[in-house]
Amino acid sequence: MRTFQLFSIALFLVFYSVISFGAIKSILRIISPIYKRRMFLILVAISISMILGFILLYVWPLTTRNIKGYTIHLIYNAILSIDFVFKISLTFSLLIALFFKGDWKMVIYYIGFILSVGISGSVIYGTLFGRKNLTVNKVELQFNNLPHDFNGFKILQFSDTHLGGFMGSKQLMNNVSKEIDKINPDIILFTGDLVNNFSTELEGWENVFKEITKNRDSYSILGNHDYGNYSNWKNDITKTINFNEIVEAHKTFGFELLNNKHVTLHSGTDSIFIVGVENWGHPPFPQYANLDSAIHGIPENAFEILLSHDPAHWDEVIKKRGDIDLTISGHTHGFQWGIKKAGITFSLSYFVRNNWGGLYKENNSFLFVNTGLGTVGIPWRINMPGEITVFTLKRIEID
């Protein structure tokens with residue numbers, strides 16, 4: 001195990017132990033003396049169990065790179081997250097109380113407890129219910145170079161299903177299928193991360209996706225999770241078989257996979273081009289995209305829509321070129337925790353990504369980042385519901 005990994009693990013264990021100690025002390029300040037010993041033993045037992053679970057699942061022997069499924073890890077991550085956010089507020093209240101005296105100390109302890117219950121409650125809701133919610137985001141885009149016959153053209157995008165994270169539930173994808181039937185788009189575009197890592201995650205999903213793509217032109221690309229790079233494989237052949245099965249599933253599910261290539265869409269005498277590239281991201285994410293190859297043969301000044309999984313590709317490469325009219329991406333998930341209400345959008349992704357969700361523009365080039373449907377790492381969505389996006393293309397007439 002690399003030094004950086006060992007350092008990260010040690011840092012987490014130390015930090016978790018500190019907040020557990022702080023939370024225990026804080027709770028013991030506000031409960032009746034007759035229950036203190038019992039509560040102390042319960043809280044210590046929970047903390048020790050969480051530490052042992054972390055070592056078992058992330059240090060040895062059941063590390064995520066050495067197993068063939070993530071269900072146990074996802075369940076543990078959800079429980080750890082609830083435990084973690086519950087203890088954080090309690091620990092802060094203990095620290096803040098140091099600056100107060102008398103009855104004010106108890107007020108601070110109770111405020112910390114109330115905040116802990118509220119925050120952990122939102123995490124529980126996001127885990128049990130929030131990850132099953134769905135929103136339809138309608139976006140109208142105007143272009144002066146859109147061909148006449150594509151005025152009003154309707155595109156539906158969805159992204160980041162991460163099928164291994166659904167843990168047996170098809171409710172969300174069935175709702176997606178129903179919404180698509182109501183929207184009746186002209187084409188469907190899927191922008192990557194079909195699975196978490198393994199082709200076995202595809203089992204049982206064929207009919208669901210065929211219902212989504214039936215009677216509609218549907219195109220897709222790969223995301224960083226579709227290459228199988230998050231596992232230790234017995235050999236390269238096993239990894240290649242896994243990858244090929246994921247690629248074949250796109251076809252089986254009803255998509256035409258655009259691996260560094262394009263297709264031409266015709267309407268009347270006009271045409272536009274749908275371009276798809278393989279994943280491009282900042283390290284450690286792979287950079288397999290070959291945009292020059294993907295657009296080779298497209299006439300100059302043609303209208304182009306690009307599918308690129310990671311929005312970092314637009315930020316670092318595409319917007320500087322200025323020849324792609326619309327890029328659609330996914331990847332970020334909006335950190336699965338944020339605000340998307342009453343026209344306000346915010347996510348912790350803001351602090352680490354220039355483009356984490358929604359619409360962006362640079363000169364004549366648009367980027368839209370879809371925050372995805374599935375979950376990765378932690379199976380929650382808190383104020384960041386699964387998203388499908390409907391684009392309506394409009395032509396601006398210039399006198």
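What's counted below: heavy atoms across the whole structure, side chains too, no hydrogens, waters or symmetry copies.
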Do [X] and [Y] get their side chains close enough for a donor-acceptor pair, meaning under 3.5 Å?
| X | Y | value |
| --- | --- | --- |
| Arg353 | His282 | no |
| Ser26 | Ser93 | yes |
| Glu278 | Tyr227 | yes |
| Glu387 | Thr371 | yes |
| His309 | Thr191 | no |
| His162 | His333 | yes |
| Lys87 | Tyr16 | yes |

Answer yes or no: is there a side-chain heavy-atom contact under 4.5 Å between [X] and [Y]?
| X | Y | answer |
| --- | --- | --- |
| Arg216 | Ile187 | no |
| Phe273 | Val263 | no |
| Leu194 | Phe209 | yes |
| Met173 | Phe166 | yes |
| Val275 | Leu258 | no |
| Thr375 | Arg381 | yes |
| Asn145 | Asn301 | no |

So [X] and [Y], would you call those rings parallel, tilted or perpendicular, with 30° and 60° as cut-offs?
| X | Y | answer |
| --- | --- | --- |
| Tyr230 | His225 | parallel |
| Tyr350 | Phe346 | tilted |
| Phe143 | Phe366 | perpendicular |
| His73 | Tyr58 | perpendicular |

Test of ring centre spacing under 6.0 Å for [X] and [Y]:
| X | Y | answer |
| --- | --- | --- |
| Phe190 | Phe253 | no |
| Phe40 | Tyr35 | no |
| Phe198 | Trp233 | yes |
| Phe303 | Phe150 | no |
| Tyr219 | Phe255 | no |

- Look at Asp270 together with Arg395 and state whether they make a salt bridge at an N to O cut-off of under 4.0 Å. no
- Thinking salt bridges, do Asp315 and Lys320 make one under a 4.0 Å N-O criterion? no
- Return yes if some donor-acceptor pair links the side-chain N/O of Ser347 with the main-chain N/O of Gly334 below 3.5 Å, else return no. yes
